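Chain naming here is simple, since letters A, B, ... match the order of the sequence lines and numbering starts at 1 in each. Predicted model only: the values in this text are computed from it and were never measured.
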Amino acid sequence: MRVSKFFMPVLRDAPREAEIVSHRLMLRAGMIRQSGAGIYSWLPTGLRVLDNISRIVREEQDRAGAIELLMPTLQSADLWRESGRYDAYGAEMLRITDRHKREMLYGPTNEELITQIFRDGAHSYRDVPRTLYHIQWKFRDEIRPRFGVMRGREFLMKDAYSFDLTPEDAKKSFNRQFVAYLRTFERMGLTAIPMQAETGPIGGDLSYEFIILAKTGESEVFCHRDLLDLKAPENVDYDSDLEPLMAPWLEKYAATEDVHDAARFADEVPQDRQVSARGIEVGQVFLFGTKYSDPMKCQVQGRDGKLVTLHSGSYGIGVSRLVGAIIEASHDERGIVWPASVAPFKVGLVNLKAGDSATDKACESLYEQLDNAGLSVLYDDTGERAGAKFKTMDLIGLPWQVIVGPRGVKAGLVELKNRASGETTEIGIDEVVNRLVATQTG
RNA sequence: CGGGGCAUGGCGCAGUCUGGUAGCGCACCUGGUUUGGGACCAGGGGGUCGCAAGUUCGAAUCUUGCUGCCCCGACCA
């Protein structure tokens with residue numbers, strides 16, 4: 001993409017309403033614009049990040065055996081009356097009436113709808129286990145939206161729902177999502193720690209929140225420091241017993257403030273390993289048994305011909321929240337520092353002297369080569385001064401900058417700058433593409 | 001929902017107390033000089049001052065009502 005043909009309205013000053021760093025940087029980098037309290041438009045640069053995050057989520061869900069579908073944003077009130085939640089949900093649910101005076105709602109979550117769909121489509125024990133997911137916009141009419149996209153009212157979420165014959169099988173489905181989450185967040189450059197969370201009213205329910213530590217986190221969390229150094233499992237066989245893979249996370253203390261047990265914390269975690277910090281919740285996994293399949297009669301016939309009520313769990317990842325969360329975890333005083341996996345472009349190509357024929361030619365050639373090599377590249381081909389281009393590139397935080405000026409071109413050299421480290425190296429103009437391709441596979 | 005604050009070109013702000021021709025910086029357009037970390041000079045374009053009533057010869061400014069947005073708290077992916 002050429003800057004001269006792109007739409008990326010960057011701001012030198014952040015709008016006054018933005019307080020936290022991720023919100024300020026997203027506005028300044030031209031990723032989003034606010035259209036109402038907790039409601040945002042995603043501009044091209046922001047959308048590219050959102051899509052990258054969705055792609056990673058999707059890949060890991062698919063890998064874990066979950067099956068994608070897409071449910072609507074609008075749902076019927078009657079469906080929610082079946083589960084008893086229409087009245088229970090309260091003001092957080094945005095209720096809408098259509099022209100025929102039918103009561104509708106903008107879905108805050110999809111347990112009811114997926115249960116209805118699965119109930120109607122699955123009839124035999126052969127139809128389970130299944131885990132279905134979609135990535136769709138949700139609306140929760142929060143009392144107070146804040147922190148930009150981290151607590152919007154409208155937000156993009158991946159939500160998965162598992163259906164199993166027995167509680168034991170349901171736990172296996174739960175485990176698959178749990179491991180997929182470890183991998184998903186790690187691929188985004190995040191250290192997300194599963195922490196015990198409020199289990200809700202039904203005893204025996206199981207819930208973990210996946211939390212990343214950040215100064216601007218909304219809740220207080222407590223954990224063992226060793227958890228910060230764990231690496232997500234690779235080459236997972238999702239059909240195998242996953243409990244051993246999960247064990248390193250589950251053996252050490254980690255809890256949100258809701259369920260924090262100060263005595264246990266002090267007892268189980270050595271003083272110098274105790275972490276108490278602020279955390280951002282980026283995902284939650286929840287096993288709730290027959291909470292919805294009971295009232296909604298989500299049943300299949302077992303081998304013996306008898307009806308069996310299915311056991312379920314739901315598993316959410318805040319996709320749009322992750323955009324903000326990643327920035328909270330990865331930025332410096334100059335701007336965003338994108339992990340390569342989610343960056344809107346991998347490489348920023350900076351033409352220091354647009355209009356100089358040798359420099360233009362070198363840039364055009366590099367632009368084409370990078371593109372051919374499959375590296376997304378943002379080429380600043382505008383007539384801006386060098387300083388302004390550097391500032392913008394640092395602000396939007398692409399992992400690599402290739403800086404091309406007349407002096408270097410004459411000597412056959414360009415500069416390769418790593419945004420994260422700030423390190424700049426001179427490199428042959430013929431080598432730079434290969435070097436960048438090599439970093440991709442790393 | 002309780003408490004606090006803000007609303008003036010795209011963004012950041014001044015002007016409001018004390019009513020009198022709507023201003024500054026950035027961004028944008030034109031020309032020129034520049035050109036390796038947000039250049040300079042000159043000339044331009046763009047705002048019914050959140051909305052509605054009221055007071056007044058006259059309202060961004062005073063009064064009343066409304067709306068929107070932000071921050072702190074309780075609640076949430």
Side-chain angles (χ1 to χ4, degrees), chain A residues 7 9-20 23-24 27-28 30 33-40 43 53 57 89-93 107-110 135-160 181 185 192 197-198 207-212 218-219 256-258 279-286 314-325 334-335 350-356 359 380 382-395 401 403-409 413-415 417 422 424 426:
Chain A
F7 184 68
V10 298
L11 298 171
R12 200 150 167 173
D13 302 303
R16 183 164 35 88
E17 69 266 14
E19 294 257 319
I20 66 162
H23 192 195
R24 297 175 65 85
L27 288 164
R28 287 193 54 208
R33 286 294 182 265
Q34 181 162 4
S35 103
I39 302 175
Y40 294 87
L43 305 190
I53 291 172
V57 168
Y89 215 91
E92 217 176 75
M93 180 152 69
T109 177
N110 286 59
I135 299 176
Q136 176 64 290
W137 294 92
K138 306 291 187 292
F139 196 96
R140 293 184 190 174
D141 201 355
E142 301 275 349
I143 298 168
R144 182 153 94 87
R146 59 186 128 174
F147 303 150
V149 300
M150 294 222 295
R151 165 120 17 141
R153 292 194 293 170
E154 187 185 49
F155 59 96
L156 188 61
M157 179 165 103
K158 184 282 304 184
D159 40 325
Y181 277 32
F185 296 124
E198 209 139 45
S207 180
Y208 286 87
E209 289 181 2
F210 284 73
I211 302 272
I212 66 167
E218 313 148 78
S219 54
T256 62
E257 58 189 332
D258 298 334
I280 300 169
E281 181 187 346
V282 289
Q284 182 164 21
V285 291
F286 199 73
S314 67
Y315 316 92
I317 290 180
V319 174
S320 50
R321 168 179 287 186
L322 272 165
V323 180
R334 294 166 180 270
V350 180
N351 183 335
L352 287 180
K353 192 158 186 173
D356 176 81
T359 310
D380 193 342
T382 65
E384 284 291 314
R385 297 164 64 84
K389 291 185 177 184
F390 290 138
K391 292 287 186 197
T392 299
M393 279 296 172
D394 287 349
L395 172 65
Q401 296 170 19
I403 298 160
V404 183
R407 287 206 298 267
V409 168
L413 296 170
V414 296
E415 279 172 47
K417 177 177 166 181
T424 301
E426 288 216 306

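- Rounded to a whole angstrom, the distance from the C1' atom of B:A60 to that of B:C1 is 32 Å.
- Under the rule for a ring-ring contact (aromatic ring centres under 6.0 Å, His included), the partners of A:Tyr40 that lie at least two apart in sequence or sit in another chain are A:His23.
- Among the protein residues, A:Asp394 comes within range of the nucleic acid bases, having at least one heavy atom under 4.0 Å from a base atom.
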List every contact pair, protein side and nucleotides 4-10 of chain B side both N or O, where the distance is under 3.5 Å.
unit_1, atom_1, unit_2, atom_2, d
B:C6, O2', A:Arg16, NH1, 2.7
B:C6, O2', A:Arg16, NH2, 3.3

Each nucleotide of nucleotides 71-77 of chain B classed B (base within 4.0 Å of a protein heavy atom), S (only sugar-phosphate) or -, in 5' to 3' order, makes BBBBBBB
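- A donor-acceptor pair under 3.5 Å links the side-chain atoms of A:Ser207 to the main chain of A:Val285, judged by distance alone.
- Remark: A:Leu395 engages A:Val10, A:Leu25, A:Arg28, A:Ala29 in a side-chain contact (heavy atoms from CB on, under 4.5 Å) (not counting sequence neighbours).
- Applying the ring-ring contact (aromatic ring centres under 6.0 Å, His included) rule to A:Phe139 yields the partners A:Tyr106; only residues at least two apart in sequence or on another chain are considered.
- For A:Phe155, there are no ring-ring contact (aromatic ring centres under 6.0 Å, His included) partners two or more places apart in sequence or in a different chain.
- Taking the ring-ring contact (aromatic ring centres under 6.0 Å, His included) definition, one finds that A:Tyr208 meets it with A:Phe178, sequence neighbours left out.
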With B for base contact, S for sugar-phosphate-only contact and - for none (protein heavy atoms under 4.0 Å), nucleotides 27-35 of chain B reads -------BS
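- B:G43 and B:G23 have their P atoms separated by 16 Å, given to the nearest Å.
- Distance noted for atom C1' between B:U55 and B:C62: 8 Å (whole Å).
- A:Lys353 is linked by a side chain to side chain donor-acceptor pair (under 3.5 Å) to nothing, counting only residues two or more places apart in sequence or in another chain.
- Evaluation of the side-chain contact (heavy atoms from CB on, under 4.5 Å) rule for A:Glu384 yields A:Thr382, A:Ala388, A:Lys389 as partners, not counting sequence neighbours.
- Note on A:Thr109: nothing from the nucleic acid sits closer than 4.0 angstrom, heavy atoms only.
- Taking atom P in both B:C51 and B:G9, the straight-line distance is 10 Å, to the nearest Å.
- How far OH of A:Tyr181 is from CD1 of A:Ile317: 4.0 Å, rounded to the nearest 0.5 Å.
- Between the C1' atoms of B:A39 and B:U48, the separation comes to 37 Å (whole Å).
- Residues passing the side chain to side chain donor-acceptor pair (under 3.5 Å) test with A:Gln401 are A:Asp394, sequence neighbours excluded.
- For the side-chain contact (heavy atoms from CB on, under 4.5 Å) test, residues two or more places apart in sequence or in another chain that qualify with A:Pro108 are A:Trp80, A:Tyr89, A:Met93, A:Leu105, A:Arg140.
- Nucleotides B:G54 and B:G19 are separated by 15 Å at their C1' atoms, to the nearest Å.
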